[in-house]
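The structure under discussion appears below in the form of structure tokens.
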Protein chains: 2
Amino acid sequence: MSNRVHNFSAGPCTLPLEVLEEAQAEFVDYQGAGMSLIEMSHRGKHFDAVANEAMALSMEVFQVPNEFAVLFLQGGALLQFSMIPMNLLHNGQKGAYVNSGSWAKGAITDAKEYGEVYTAWDGADNNYTRMPVTADIQLQENTRYLHITTNETIGGIRFAEWPEVSVPLIADMSSEYMARPLPWDKFDLVYGGAQKNLGPAGMAVVFIRKSILENCNKSLGRYLRYDIHESKASMFNTPPVFPIYMFGKVLKWMKAQGGLSAMEKNAAEKAGALYSTIDNSQGYFNCPVEVASRSHMNVVFRLPTETLEQKFLSEATAAGFENLKGHRSVGGCRASIYNALPAESVAALTAFMTDFQNANAS
Amino acid sequence: MSNRVHNFSAGPCTLPLEVLEEAQAEFVDYQGAGMSLIEMSHRGKHFDAVANEAMALSMEVFQVPNEFAVLFLQGGALLQFSMIPMNLLHNGQKGAYVNSGSWAKGAITDAKEYGEVYTAWDGADNNYTRMPVTADIQLQENTRYLHITTNETIGGIRFAEWPEVSVPLIADMSSEYMARPLPWDKFDLVYGGAQKNLGPAGMAVVFIRKSILENCNKSLGRYLRYDIHESKASMFNTPPVFPIYMFGKVLKWMKAQGGLSAMEKNAAEKAGALYSTIDNSQGYFNCPVEVASRSHMNVVFRLPTETLEQKFLSEATAAGFENLKGHRSVGGCRASIYNALPAESVAALTAFMTDFQNANAS
């Protein structure tokens, strides 16, 4: 469609156009049922098929081994910040956290309400411009898990290498979900909000190692128990029907594009194009992140002055590039280039950046 | 549309056709923005307007006084079963619950994890065929609130009169939300899932008395704190964008229909037509609920034999009446006649019931 803008939003964000058009076509009358999918009982045959397909495809596309179950929950990644320690930390056990920025800090804040928690590495010391390597991470005795945020949406950093530690990893992957393969044997739980790579807002997708379910804390309200959601295949209560449905369509799109390896390759190429433009600008554009930790999803950059940044953002919007403003807590610019953002949008942006530099020498 | 079925689902359920058609029309390109609403930042101007309008209309249509705040949360009514005692019950305080059936029992189960809880009236003694009157309810000292389920979706019973008690009421209104006015001065908190009268699944709408926020428990994960959601106007984290958007459209539809009084009147008429058909069937159809407690939203009924019930359900489906099967835990038949179910669907069903009786004398 000629009127699509280049949407660099950090989330909710661009979805594949064909997914949107398919959903639109069947929105009022789903497969001739005489009603919309969102009007149907979540225990009926139509939604049952939708949910089962989304679950099966999420395991297939993300290459998740059968030792894991997938859960579709509400409350975003944020509720997981509480549910993880609630369910997993028992008396005498500690939760270790890598403080890699804004989202990691949130996870730590909430976890402290539900158990003994410590920071195993603190990125504040370098203003969150890199991720730790294994040798940086200091684990204490009786640590149940090490929690990492694989990609920080605001700081624009990611783990290039997975930490080699002696405890299970737990990962918030919200902003690079299903954009790279995982060494699943290292993980007990992987989670994230859907509203970046997976579909619309309103759902968290959780992959949990089935063998840890039995030992999860049972003295919790039922919505907060992983074991209950798993035993009911995420249908313990009315699930977020529309996000599940859209997630299923996004998964089919991912699979048709070539699956996880294609997502990873495309992300590396799109990010590479942007970082090259930045690195070849002779310092006009500047990325504060250490090279090894540069995110493939959220590319943050500054211009020589805040005045030029304002001008850049304003002219970019006028030229059809939306949501390039950096997060309000850090300023600057940020291009979020999630799975569904076309390579053409990145090519257009890099051309625009070069033109802007030529027209606005500092 | 000629191919719309009569959808008597208990939820998710029928939505107004014009709401669905409007959402379909603007689904891929929202108001010429070059993107779908579900692709937009939840902090951008478009969604900001959508959320603000839904909040304002929810207060207006439901006639909520300014002493209350409205919150759009995830996790359904089920997560509220935990959040209410977590936030409101302090040491030494008790939560009183009316056990009116399946949903009330769920609320009690979860509350027990977070405080001292007791059953102030137990409907199990009459097999959940009626709601209590004020004199039935036994409150203990140091009771913080009395929790009621204003309408039990499965049992098909509702409170016709509000209990006159000395403690604040808390109400789960999921299955009759915005279908009748409330005496707000009696309530501290009113909540419910959206997926019956308000829109698609994936959201709970909570009205909370602002004066109780300050005293809410702060030692909780942040997603579980009412005060935080209120202070951020439900935008503390990424909200359930699509349900909020659809809720706004449903609210506009309700307002155009005549608002809350029209919803209440229509419900009474639709329910009246069904109960008349049942009562005039000389016992062929039978509603187990005591007359004074009959729900205006979920009309439950039995036929003379289970064989006839199976035949009735099967022929009804073939004739375009969907989802008339009673909940699996109780059997029989149930017609859920929420706000958006057209009166024509009820008229068609009563005619079908009478025809069926004539053709299948017991």
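Numbers restart at 1 for each chain; the letters A, B, ... are given by sequence-line order, proteins then strands. Reckoned from all heavy atoms, side chains included, excluding hydrogens, waters and symmetry mates.
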Can you tell if the side chain of [X] reaches within under 4.5 Å of the side chain of [Y], non-hydrogen atoms only?
X: A:Leu79; Y: B:Leu79; value: yes
X: B:Met86; Y: A:Leu224; value: yes
X: B:Arg222; Y: A:Asp110; value: yes

Can you tell me which of [options] forms the most heavy-atom pairs within a distance under 4.5 Å of chain A?
options: B:Ser219, B:Gly320, B:Ala340; value: B:Ser219
options: B:Gly34, B:Gly32, B:Pro239, B:Ala23; value: B:Gly34
options: B:Thr109, B:Val241, B:Thr14; value: B:Thr14

Between [options], which has the largest tally of heavy atom pairs under 4.5 Å with chain B?
options: A:Pro240, A:Ala77, A:Gly75, A:Gly11; value: A:Gly75
options: A:Ile244, A:Leu15, A:Asn323; value: A:Leu15
options: A:Pro12, A:Gly202, A:Gly76; value: A:Pro12
options: A:Arg328, A:Met203, A:Glu113, A:Glu322; value: A:Glu113
options: A:Cys13, A:Ser9, A:Gly193; value: A:Cys13

Shortest non-hydrogen contact from B:Gly221 toward A:Ser82: CA-OG, 3.2 Å
Heavy-atom closest contact (B:Gln24 atom, A:Val28 atom, distance): OE1-CG2, 3.2 Å
By a 4.5 Å heavy-atom criterion (distance strictly below it), what part of A:Lys325 contacts chain B: side chain, backbone, both, or neither? neither
Can you tell me which portion of A:Gln74 sits under 4.5 Å from chain B's heavy atoms? Options are side chain, backbone, both or neither. both
How about residues 228-238 of chain A versus chain B: which residues have heavy atoms under 4.5 Å apart? A:Phe236, A:Asn237, A:Thr238
Which atoms of [X] are under 4.5 Å from chain A, going by heavy atoms: the side chain, the backbone, both sets, or neither?
X: B:Ala25; value: backbone
X: B:Gln195; value: side chain
X: B:Ala33; value: backbone
X: B:Met246; value: side chain
X: B:Pro85; value: neither

A:Phe242 vs B:Phe27 aromatic rings, parallel, tilted or perpendicular, using cut-offs 30° and 60°? perpendicular
Any residues in residues 35-50 of chain B near chain A, with a heavy-atom distance under 4.5 Å, and which are they? B:Met35, B:Ser36, B:Ile38, B:Glu39, B:Met40, B:Ser41, B:His42, B:Arg43
